[in-house]
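First comes the structure, then the notes that go with it.
Model, not experiment: these values are computed from the prediction. Both backbone and side-chain heavy atoms feed into the values below; hydrogens, waters and symmetry mates do not.
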Amino acid sequence: MEGERDMSRTKVHVIPHTHWDREWYFTTSRSKVYLVKHVKEVLDALENGDGFKYYLLDAQGSLLDDYTRWCPEDEERIRRLVSDKRLMTGPWYTQTDQLVISGESMVRNLYYGMETAQKYGHAMKVGYVPDAFGQSAQMPQIYQEFGIRHFLFWRGVADNTNPKTEFLWKGSDGSQVFAVQMPFGYYYGGNIPEEAGELEAYLDSQIGALEEKASTRHVYFPNGFDQAPIRLNLPELIRTFNELDPEREYVMNEPERFLEEIEKDSNDLPVLEGELMEAKHMRIHKSIFSTRADLKQQNNEIEHLIVNTLEPVLSISHALGHEYPHYIVKDIWKLLFENAAHDSIGGCNSDTTNRDVAFRYKQARDIAENVLELHKRLIASKIKQEETFAFTIFNTLPYPRKGVTEIDAYLPEGSFVIRDTNGQQLLYTITEKVEQTDYVLGQHIDLNPSKKVYLPERVFRAKLLVELQEVPAMGYTQIIFDFSATGDTTVERSNGKHIENEFYSIAVQENGALSITDKISGRVYSDQMVFEENGDDGDSYNYSPPERDLTVSSLGADVETITSKSTVSEELSLRIKLKVPYDLNERSAAGTSAELPLQASVSLRKGERLIRFSVDVDNRVLSHRLRVLFDTGIASKLSIADQPFGVIARPTTLEEVKVWEREQWTEKPITIEAMQSYVALNDGSHGVAVMTEGVREYEVIGHEHDTIALTLFRTFGYMGKENLLYRPGRASGEKIVETPDAQLLGELTFTFALHVHESGFDEAGIAQAAKEYLTPLSSYQLSDFLNGRLIFAFRDEERIFEQNYSLLSFSKDSNVILSAFKKAEHSDGYIVRVFNPYLEKNATAHITYSESAHYELVSLDERSKGETLVSSDTEGAQLPELQHCKLLTVLVTPELN
């Protein structure tokens, strides 16, 4: 009977921990200095404290890397405690965001996080997410792929969805994890009184509230908070708890053991599906997606550069005999991980901290661009080339590509034609041309004075648009500039208002918006590319409209137009001046004393079914938001957007809006949503998609919910503010911290694209079009006159490579999206990661490596799944069919002859 009574008692698992933001209103430097003090105290307590069994170091391995960099003498102490599963770290490298960070960034964060934790002895197999602003619907699949079956979190679930703390979480692809919510936050048990009289009432209140939420006898009681010092007398306090409260059992524990225990006692749990984004009881900050648009834009551009171009080129280079720079790539990723932490990528920091974020992006971009340039050069310098002006064009997608692409070049004076390796003349136009003769030739170095080197009399730095005929899959080709012949680069410029290509005809309407005609179907889309400016009374966490707002539209604004037309592209330039309020005070009085100049470029490339946009903004006003609107004419209950490794459909209206104020939600439920690269509306027979290289935020608006609003940027003046219309009550950040940098005054540039189609969503191939848009063909110019200080001198290499090369390809009927192609971390093979991009269709692919190879299914952590794909020397391997939102990773290992 005594045992039965014990089993009926609540078991309170006291979890000593800290939540250690690496930066926030304070800088990383301050955080690291205090981390040294903190970890030393934790190590001493675990080694010497009576009954201090466990400590959770916020599940991010970067903290131990930070500590041992400055305190290497303690590394062995840490190894012992981590190996004994007493000091808990991993699986993350940093506590990443899950909504605006790319899927590959999250995967690499977990990979390097677990690698780091295992280096010290053990990686915690718990999806521990104490503070991220919402949970991606694809996380259950990602966790399972890393061998993580348990999920412990705070933000995203309210009692109207699940009144208890335990449930099964089902992701978009159907994967499930066992989930436990910290219903009142990770800091809930951070302040424990020590007076006996106060302590009894505290336990009854605090633990009682947890018991009401629990569906088992187990409750999670976290002792700690942000940058909290370790509570050295916690073992003694726990003994006191047990003496004062014999109806409950109190034990010190850590998340892995806790979750194993609670799972054994759980049954008939509810199943929650999809994104966890409810803000009833805890703030989700559901418009933080556009905070510090400049930093978000840098993150997105660098993620695309690494995954879409750098890693594939490095893999091609490795296959051709060059060393794969694993540690350099890891360092680039780790710089991004530091910026991917939920506050850092959120931009909800002090200005000085955000300057650190910006500098890390600069470092990451510089390293990535230079290692990419080096390996393109390593390849190009070994290609059999006799011509002075040969350019190597790299295709980093697994199928041949053609079409108009932009390349940079240093050119002499004079006319020329461009030919491919088949001798076919290619159409082109020069879009920019600036003389740099003294700069370029002044840096030339003759490593071998005996060798005759062509030095042009004049040198121009130029940008060209060239129509390529075919670039091999996951490989390269060359194009030759022949200055002995004359090419046509005529560009017609006028004050026209109309451009077109094979697919679209675009004209400027009287009201300044665009009319777009789909020439294939004849369908006309009016009032496109409308700029909408309004006030932002929010802070670094939330967009929130002012109580008295004024919305300014570009419809009817003064517009000047210029057209530029060539054989490969047509471009329409529009100068727009919006009269807008200078600040919130003037906005509330409906004044418009300020000007917001916009210059929009709309371009159509020959043979391309994309409309490309570039917008330059001279931002001269304060606390406002700028969006661009595309009226699709499609009344929509659902929007379609990509999410990490897949697609998601979201409602365009929320029923909770009717009750949120009455139920006192912490935030207004809004339909401002996150995407990865595109958002679309579709009625089953036709649709419109907007793709972005910048801010990954959209909203579907209009009376019929038919208009896609793409956020370009928003600005604000304080880290935190109180009593916002969209977020009542306390400030989320420090309300005294002013953020003048977040006003983004000055020149801003944004790029995006429009795709119009006469089909259902799955048939339109939007994900592939977006992937191609974000994966431009890359080029390298190898010319002796450039060899010198300009690009660092390079010795002559033996020319052994052919002018055309393909490493890996997918068959024409393949319909998956390539997420990653890179060398495996710890083997000689290559990682090929793909996913199903469709709402309803299944997807598959047939992979062919350039030589005989072994194809094996592996998990995201690159461990074998014990399944080899059937292959032959010439036929490659067929991938299993992928259902909705499924991802698949294949290790392709060349067979040694």
Side-chain angles (χ1 to χ4, degrees), residues 95-107 109 129 131-139 142 153 155-156 171-172 274-279 283-301 303-304 336 339-348 538 540-544 625 627-628 636 638-652 654 667-681 689-701 708-714 726-727 750 752 766-767 770 774 835 837 885:
Q95 282 283 343
T96 185
D97 171 83
Q98 297 175 15
L99 295 162
V100 296
I101 291 296
S102 73
E104 286 298 328
S105 179
M106 289 188 287
V107 166
N109 198 313
V129 185
D131 203 27
F133 307 140
Q135 320 294 326
S136 166
Q138 284 286 59
M139 286 313 301
I142 294 171
F153 76 110
R155 298 184 194 262
S172 294
E275 290 179 323
L276 305 182
M277 291 293 294
E278 287 183 296
R283 295 171 174 185
I284 294 297
H285 309 303
K286 206 186 169 193
S287 46
I288 204 169
F289 316 137
S290 55
T291 295
R292 285 305 298 260
D294 56 331
L295 300 178
K296 296 286 200 308
Q297 196 169 16
Q298 289 186 61
N299 176 81
N300 303 348
E301 290 171 356
E303 283 182 350
H304 295 317
L336 287 192
N339 287 356
H342 58 287
D343 289 318
S344 303
I345 189 63
C348 48
S540 66
Y541 290 88
N542 289 78
Y543 160 76
S544 190
R625 178 178 69 172
R627 303 197 291 185
V628 59
S636 304
L638 296 173
S639 65
I640 305 167
D642 58 343
Q643 62 174 336
F645 307 112
V647 63
I648 188 168
R650 299 184 177 103
T652 55
L654 300 174
E667 280 181 30
K668 179 180 180 178
I670 56 176
T671 52
I672 295 175
E673 308 285 3
M675 58 178 160
Q676 291 281 296
S677 62
Y678 70 81
V679 54
L681 297 181
V690 178
M691 303 167 187
T692 182
E693 292 184 281
V695 170
R696 294 167 172 166
E697 178 184 282
Y698 73 92
E699 186 177 16
V700 175
I701 62 173
I708 296 172
L710 175 69
T711 305
L712 299 183
F713 69 93
R714 70 181 193 89
Y726 277 16
R727 196 195 68 216
F750 308 95
F752 48 94
I766 300 303
L774 297 170
F835 64 87
C885 282

#### Entry: Q135 side chain to R155 backbone, donor-acceptor under 3.5 Å
yes

### Task
Output all residues satisfying salt bridge (Lys or Arg N to Asp or Glu O under 4.0 Å) with E667, sequence neighbours left out; order by chain, then residue number.
none

### Message
Do R625 and Y543 form a cation-pi contact, if we require the NZ or CZ to be under 6.0 Å from the six-membered ring centre and within 45 degrees of the ring's axis?
### Response
yes

### Task
Side-chain contact test, heavy atoms from C-beta onward, threshold under 4.5 Å: evaluate it for E673 versus M277 and give yes or no.
no

### Summary
All heavy atoms of L710 vs all of V690, minimum pair found to be CD2-CG1, 3.9 Å

#### Entry: Where A674 and V100 come nearest, the two heavy atoms and their spacing
CB-CG1, 4.3 Å

### Query
Should R627 and E699 count as an ion pair when the cut-off is N to O under 4.0 Å?
yes

### Query
Taking C-beta and beyond as the side chain, do T692 and Y698 meet within less than 4.5 Å on heavy atoms?
no

### Task
Starting at CZ of F752, measure out to CD of E693 and round the result to the nearest 0.5 Å.
11.0 Å

### Task
With rounding to the nearest 0.5 Å, note down the distance linking CG in N339 to NZ in K296.
11.0 Å

### Task
State, yes or no, whether a side-chain contact exists between Y678 and I766 at a heavy-atom distance under 4.5 Å.
yes

### Query
So how far is it from M675 CE to F289 CZ, rounded to the nearest 0.5 Å?
11.0 Å

### Message
Could you check whether any side-chain N or O of K286 sits under 3.5 Å from a backbone N or O of T671, counting only pairs where one atom can act as donor and the other as acceptor?
### Response
no

### Pairwise side-chain contact, I672 with E697, heavy-atom cut-off 4.5 Å (strictly under)
yes

### Query
Is there side-chain contact between N300 and Q297, with at least one heavy-atom pair below 4.5 Å?
no

### Message
For a side-chain contact (heavy atoms from CB on, under 4.5 Å) check, start with the C-alpha distance between R727 and S544, then their side-chain angles and the critical distance, and finish with the verdict.
### Response
CA-CA 8 Å; R727 196 195 68 216; S544 190; over 6 Å; no

### Query
Would a distance-only check, ignoring hydrogens and angles, find a side-chain to backbone donor-acceptor pair under 3.5 Å from S102 to S105?
yes

### Query
Are V647 and F835 close enough that some pair of their side-chain heavy atoms sits under 4.5 Å apart?
no

### Query
Closest approach of I284 and G134, non-hydrogen atoms and distance?
CD1-N, 4.0 Å

### Query
Which heavy atom of L654 sits nearest a heavy atom of I670, and at what distance?
CD1-O, 3.5 Å

### Query
Do T291 side-chain atoms and C348 backbone N/O form a donor-acceptor pair below 3.5 Å?
no

### Message
Quick check: closest heavy atoms across S677 and L774, and the distance to 0.1 Å?
### Response
CB-CD1, 3.4 Å

### Query
Does a salt bridge link R696 with E303, judged by any charged N lying under 4.0 Å from a carboxylate O?
yes

## Note on the structure
Scanning both residues in full, the closest heavy-atom pair of T652 with S639 reads CG2-N, 3.7 Å

### Task
Enter the distance from T96:OG1 to L336:CG here, rounded to the nearest 0.5 Å.
10.0 Å

### Message
Rounded at 0.5 Å granularity, tell me how far CG in D343 sits from CG in D97.
### Response
10.5 Å

### Task
Mind telling me whether F750 and F713 have parallel, tilted or perpendicular rings, with 30° and 60° as the class edges?
parallel

### Message
Looking at S540 and G347, would you say the former's side chain and the latter's main chain have a donor-acceptor pair under 3.5 Å?
### Response
no

### Task
Check whether any side-chain N or O of Q98 sits under 3.5 Å from a backbone N or O of S136 as a donor-acceptor pair, and report yes or no.
yes

### Message
Distance check, rounded to the nearest 0.5 Å: D642 atom CG versus I648 atom CD1?
### Response
10.5 Å

### Query
Ion pair present between E275 and R650, side-chain N to carboxylate O less than 4.0 angstrom?
yes

